[in-house]
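What follows is a set of notes on a single structure, which appears directly below.
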Amino acid sequence: MKQEYTISLYWRIFYGAMGTSAIVFSLFLLTKPTNGLIIFPVVFGTGGVVTLINQFKSKLIISDYSIVRTTVFGTKELLRADIKGFRINNKVIVIEPVEAGYSKIKIRDYSSIGNLNNLTSWLRTNLKDLNKEDYEKEKNDIINNANLGYSEGERTDKFKAITRLSGIYNFVGFVLFVLFLFFLRDTSAADAILLVFPLIGISIIYFSKGLVTLISKRNSAYNNVMPGLYLGVLLLVLKSLNYYHITNYDKLTVPSLILGSVILGVLAVKGFNNTYSSRIGQFLLMIIFSAAYAIGVVANVNCSFDKSSAQIYSTTVTDKFISYKHATNYHIRIDSWGDHHEAEYIIVPKSFYYHTSVGSTVRVMEKKGLFKMPWFYVDL
């Protein structure tokens with residue numbers, strides 16, 4: 001029995017067009033003055049040639065004796081007797097050997113393989129699914145963890161409940177992201193939601209007794225709330241930095257460091273996933289998340305909870321336009337005012353945008369900020 005898997009016709013055409021385009025572009029660059037930067041046409045040309053050659057070299061051969069993977073970069077072979085199992089991960093299928101000294105076979109961008117369903121069916125029938133094996137092991141460890149309950153039934157129910165909860169949280173994060181982009185961004189409810197939603201995710205991690213972490217492997221029995229947290233914090237930062245027009249960030253550092261350190265401490269104590277390979281990578285991610293959330297919170301609270309009296313200036317709208325990248329944003333350009341000696345483009349609510357025209361007068365409302373970071377908004 002011998003089966004050969006190659007790149008499908010559709011992907012041959014696609015990659016062929018990409019490779020040819022890269023070669024043509026490199027030749028075009030060579031006709032222009034390079035100013036010593038010959039590296040760019042060389043890189044494009046080499047990449048194009050490698051892509052074209054790989055369309056003919058790339059194949060996977062499965063026989064009763066071995067599995068052979070050939071690409072433009074070389075050939076790897078694993079005897080069937082030396083194979084431990086396989087993993088289907090994002091963008092790559094990995095066939096792992098029993099002994100660590102042997103090289104793994106990696107099938108990258110496996111979606112381009114013709115008759116992919118037949119390949120994955122063969123793998124599941126003839127080799128161990130190592131992702132599934134790891135999942136069952138982790139699940140058994142969870143079910144047998146006495147810290148999660150007195151009986152196996154109680155621990156199983158808790159595992160199922162926390163799995164549903166983390167799934168719901170991540171789904172709600174996606175829904176909020178869509179709602180914010182199109183409906184909620186200019187409402188006071190958005191401020192409250194964006195401040196609280198990441199805290200809910202952190203609370204899930206803290207009280208889950210290790211069942212939920214910041215990140216986890218794709219097929220892990222341990223859950224994570226990273227998608228929901230990422231979208232929530234991203235929205236908070238976008239809202240704080242784009243829709244509140246802060247003119248001086250000198251006072252941002254101290255409160256952000258304090259809040260960020262508290263969040264980082266909670267995540268460092270409760271958020272590590274011991275089944276994930278890189279603790280350094282997890283810690284760096286915790287630092288980035290804590291810093292982004294802290295900056296977003298401080299900037300948002302500085303403006304939304306500011307009760308100071310506004311200093312009012314009049315200025316003129318000199319330009320306006322709508323942008324559609326990622327989301328629909330409404331921009332106006334206002335002339336200088338007060339101590340602000342330059343014209344500035346700002347994002348405004350949709351209703352405000354359509355109530356102004358170029359040449360009309362608007363009021364700039366400058367406020368001191370709760371954390372002494374001055375900011376402004378415009379009004380009619």
Side-chain angles (χ1 to χ4, degrees), residues 35 177 180-195 231-260 288 290-380:
N35 297 322
F177 187 80
F180 175 85
L181 289 181
F182 297 102
F183 304 107
L184 292 176
R185 75 175 87 181
D186 304 320
T187 67
S188 57
D191 292 331
I193 292 171
L194 294 181
L195 288 172
L231 293 174
V233 171
L234 177 62
L235 288 175
L236 179 64
V237 172
L238 290 176
K239 172 78 174 181
S240 302
L241 302 184
N242 284 334
Y243 294 95
Y244 290 120
H245 309 294
I246 297 174
T247 57
N248 189 321
Y249 287 95
D250 289 346
K251 302 294 185 181
L252 179 68
T253 304
V254 173
S256 296
L257 278 175
I258 294 172
L259 178 59
I288 294 171
S290 301
Y293 178 64
I295 291 170
V297 167
V298 172
N300 192 297
V301 171
N302 174 78
C303 303
S304 59
F305 290 89
D306 180 13
K307 303 301 181 184
S308 65
S309 300
Q311 190 167 359
I312 304 173
Y313 301 92
S314 293
T315 188
T316 304
V317 177
T318 57
D319 190 20
K320 58 186 296 190
F321 68 92
I322 303 173
S323 65
Y324 298 96
K325 186 177 181 181
H326 305 308
T328 303
N329 288 311
Y330 300 87
H331 307 257
I332 64 170
R333 184 176 186 265
I334 54 177
D335 211 347
S336 59
W337 72 92
D339 294 329
H340 203 96
H341 302 301
E342 295 181 356
E344 184 170 337
Y345 280 101
I346 61 173
I347 296 175
V348 295
K350 178 180 179 180
S351 58
F352 186 92
Y353 179 88
Y354 284 111
H355 278 87
T356 61
S357 58
V358 174
S360 63
T361 299
V362 295
R363 297 186 301 169
V364 177
M365 320 291 281
E366 281 194 350
K367 305 192 74 174
K368 295 179 180 179
L370 183 65
F371 295 117
K372 309 304 179 185
M373 292 187 293
W375 65 287
F376 70 90
Y377 64 95
V378 292
D379 198 0
L380 294 174

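All values below come from the heavy atoms of this structure, side chains included, with hydrogens, waters and symmetry mates left out.
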| Do Pro374 and Glu366 touch side chain to side chain, with heavy atoms closer than 4.5 Å? | no
| Is Thr316 reaching over with its side chain to a backbone N or O of Gly359, donor-acceptor style, under 3.5 angstrom? | no
| Looking only at heavy atoms, which two atoms of Trp337 and Thr315 are closest? And how far apart? | CB-CB, 4.3 Å
| query | Does Pro255 reach the side chain of Leu259, with side-chain heavy atoms less than 4.5 Å apart? | reply | no
| note | One should read off an interatomic distance between Ile332 CD1 and Thr318 OG1, to the nearest 0.5 angstrom, of 9.0 Å
| task | Determine, step by step, whether Phe177 and Leu235 satisfy the side chain to side chain contact (heavy atoms under 4.5 Å, CB included) criterion, reporting the C-alpha distance in whole Å, the side-chain angles of both residues, the deciding distance to 0.1 Å, and the verdict. | result | CA-CA 7 Å; Phe177 187 80; Leu235 288 175; 3.5 Å; yes
| Close side-chain approach of Val362 and Phe352, heavy atoms under 4.5 Å | yes
| message | Determine whether Ile193 and Phe180 satisfy the following criterion, side chain to side chain contact (heavy atoms under 4.5 Å, CB included), listing intermediate values before the conclusion. | response | CA-CA 10 Å; Ile193 292 171; Phe180 175 85; over 6 Å; no
| message | Tell me whether His355 at atom NE2 has more than 12 heavy atoms from other residues, nucleotides or ligands lying less than 6.0 Å away. | response | no
| said: Show, in sequence, the C-alpha distance, side-chain angles and deciding distance for Val237 and Ile295, and conclude whether the side chain to side chain contact (heavy atoms under 4.5 Å, CB included) test is met. | reply: CA-CA 7 Å; Val237 172; Ile295 291 170; 5.7 Å; no
| query | Out of curiosity, Leu195 CG to Leu236 CG, how far, rounded to the nearest 0.5 Å? | reply | 6.0 Å
| Which residues share a salt bridge (charged side-chain N to carboxylate O under 4.0 Å, His left out) with Asp379, sequence neighbours left out | Arg363
| field | Qualifying salt bridge (charged side-chain N to carboxylate O under 4.0 Å, His left out) pairs with a residue from residues 329-345, counting only residues at least two apart or across chains | value | none
| task | Rounded to the nearest 0.5 Å, what's the gap from NZ on Lys307 to CG on Leu370? Could you check? | result | 9.5 Å
| task | Output yes when a side-chain donor or acceptor of Asn248 lies under 3.5 Å from a complementary backbone atom of Met373, and no otherwise. | result | no
| task | Hey, could you give me each pair passing side chain to side chain donor-acceptor pair (under 3.5 Å) that has a residue in residues 367-378? Not counting sequence neighbours. | result | Asp306-Trp375
| field | Between OG on residue Ser357 and NZ on residue Lys320, distance to nearest 0.5 Å | value | 6.5 Å
| Got Phe376 and Tyr313 here, is their nearest side-chain heavy-atom distance under 4.5 Å? | no
| message | Which residue in the set Tyr345, Tyr353, Phe321 passes ring-ring contact (aromatic ring centres under 6.0 Å, His included) when paired with Tyr330? | response | Tyr353
| Roughly how far apart are Ser240 OG and Asn302 CG, rounded to 0.5 Å? | 9.5 Å
| Atom of Ser290, atom of Gly260 and distance for their closest heavy-atom approach | CB-O, 3.5 Å
